[in-house]
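To find a chain, count down the sequence lines: A is the first, B the second, and so on, and within it residues start at 1.
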Amino acid sequence: MSRLFVPDPPGEETGSTEADVVIVGGGPAGLTAAIYTSRETLGTILLEQRQCGGLPLTTDIVENYPGFPEGITGSDLVARMKDQASRFGTEIVEFGEVERTDRENDRIVVAGSGREYQAGAVVVASGSVPKKLDVPGEEEFVGKGVSYCAVCDGPFYKDRDVAVIGCGNSGLQEGMFLLDYVRSVTFVEFLPEMTGAKILQDRLRKREGTTFLLNHALTAIEGEDFVESITVRDRETGEERKVEVSGVFIYAGFQPNTAFLQGVAELSSDGYVRTDEEMRTSAPGIFAAGDVRVKKIRQITTACSDGTIAALSASEYLRDGRSKG
Amino acid sequence: MALLSERDAQVVREQLSQLQKKIEIRAYLQKINCDSCPDAEAILKELSGLSDMLEVRLLNPQIEGEEAEADSVDRVPTIVVSDGENSRARFIGTPSGYEFSSLLATIIETGTEKTSLNEKSADFLGGLEDDLDIKVFVTPNCPYCPGSAVLAHRMAIASPRVTSEVIEANEFMDLSGKYEVRGVPRTVVNDRIFVEGALPEDQMIEALDKALAEGSEEQVNLMELLQADQGE
Ligand SMILES: Cc1cc2nc3c(=O)[nH]c(=O)nc-3n(C[C@H](O)[C@H](O)[C@H](O)COP(=O)(O)OP(=O)(O)OC[C@H]3O[C@@H](n4cnc5c(N)ncnc54)[C@H](O)[C@@H]3O)c2cc1C
């Protein structure tokens, strides 16, 4: 049986809208920041648009988070982080999307879903969502063969052939999960080499029913009512071919959730938040942590690390009477 | 073994303490030919211990045939959440994983006087001239599903014109096949209006309103309807 998930009630019941620190996003980065700020006895409110957990909720097993030698399911791991944040007094508000941030004198206002919160410092840990590839057929077949969540939809593809687009860590890992259900997985990678961990590559190569199309671009997803095939182009020869599949799981990069920061803090051209090493953004009092930042390695451990630094920087900022930033 | 940690049990207790009326959960289960019934039973038993306002009745549709018929039960497990009069929201299959949170939200919505829907939705439901039968297909490990599931149930609880079923798609592959489910959440209204993925409340209501106003018998994809609007 899947672990029973118990949500935290929205903030209305508890009512507070004032905090020392407001954290946006309840993934690993936000939850870690919350553990630190609330343990420092700073009043902390964490706002999460859905239920806490972030991307690890969409993965089956996490094998590289230290302390769990046998691995741990993504949802179990983040449930523990959430318990830990609550234990130190973080007020967690789920199902409250942040739509806007503003500055009012020396307070920062964070608003959305009909509520408004004020804080001395804000930690943005809103992560990213899987990127659409914008190939013909992708949008048309969402829910009809195109999926961005293997743990959600994998069971519908029992004994069928599927494709996984993207051979980074998440693609390889979710491909491994899918192999428990499906007959075959065709992995399609744009680059000449897979970027996912070597151990995952080795394991997958040993499994029956796996095919790897490296240096191939997905050019179309086709079918009548449901996905029936994909077309891929060999980037070396230019040759195109069809692969018959009934499912396409897309793990080809991410896009950051930063709409509410537009014009408030400096973003990169693709929308990630720029910070310095102390997780300070260009806006005084606003810090950023985790996948939402401009950075190279996006993992749970590095999200937690960012969360720690952002929390302690925010704490220092509040202590120094907002003189830095 | 307890299914909920002490902390989770405490959170559930607190949430259930909001109940203003007694809630009856009628769980139709059977011992044979139902792999998931023991899990459903364990979950409901655990829940029933957390509030005096909650009565869980375990019923066997073969034995309690009359009640099963009154509740139009045609498969197990079926879990009907009722305040005695209002029994329009139900779960088909085991509410484990994220769907446990949907069950909890449904119980609270049924057992409190105030709707959690916004005014626009309430207006829409108040003006309904047709009956709506909503089915939401979910899986227990889908973090996006409770949003759609709870929205449908809230609509059913708020309006006598609406009934809703949250269906564990994995457990009932026959239904998933019939309703062409290849991804969750998938919401199907009156067997012809559908949407893939979790639409926020405002968009869902807006699109449904449009789809019903068109009054055709054709299949309608709510997402396409919304996108067409944006294109205008
Ligand atoms: C399929 C898959 C498998 C993975 N496997 C591993 C693995 O095995 N090991 C590993 O180390 N990493 C893994 N990763 C990467 C890892 O999940 C991320 O690096 C990590 O989750 C980043 O954490 P985060 O807190 O920065 O962001 P996220 O986890 O993305 O969390 C951000 C949170 O912010 C919320 N949010 C967004 N916008 C708003 C808003 N406007 N208002 C309120 N809330 C908002 C989101 O709902 C989300 O809960 C995997 C990723 C994927 C997709």
Do [X] and [Y] get their side chains close enough for a donor-acceptor pair, meaning under 3.5 Å?
X       : Y       : result
Q20(B)  : T112(B) : no
R13(B)  : Q10(B)  : yes
Q227(B) : E139(A) : yes
T94(B)  : D39(B)  : no

I'd like to verify something: which residue of [options] has the highest number of heavy-atom pairs under 4.5 Å with chain B?
options                  : answer
R160(A), E140(A), R87(A) : R160(A)
E97(A), K158(A), Q51(A)  : Q51(A)
S75(A), C152(A), G145(A) : C152(A)

pair [X]-[Y]: side-chain heavy atoms closer than 4.5 Å:
X       : Y       : result
V136(B) : S164(B) : no
E109(B) : T106(B) : no
R75(B)  : I92(B)  : yes
Y179(B) : I167(B) : no

Tell me, side chain or backbone of [X] under 4.5 Å from chain A's heavy atoms, or both, or neither?
X       : result
E14(B)  : neither
M223(B) : neither
V138(B) : neither
S176(B) : side chain
F194(B) : side chain
T139(B) : side chain
N118(B) : neither
P146(B) : side chain
A105(B) : neither

**Item:** Distance, nearest 0.5 Å, that separates CZ of F156(A) from CZ of F137(B)
**Value:** 9.0 Å
**Message:** As an exercise, state the distance from CG of L4(B) to CG of L50(B), rounded to the nearest 0.5 Å.
**Reply:** 6.5 Å
If I measure from the heavy atoms of chain B, does [X] come under 4.5 Å with its side chain, its backbone, both, or neither?
X       : answer
S246(A) : both
Y157(A) : side chain
R50(A)  : side chain

**Request:** Count the heavy-atom pairs under 4.5 Å between each of A42(B), C142(B), G97(B) and chain A, then report the option with the highest count.
**Result:** G97(B)
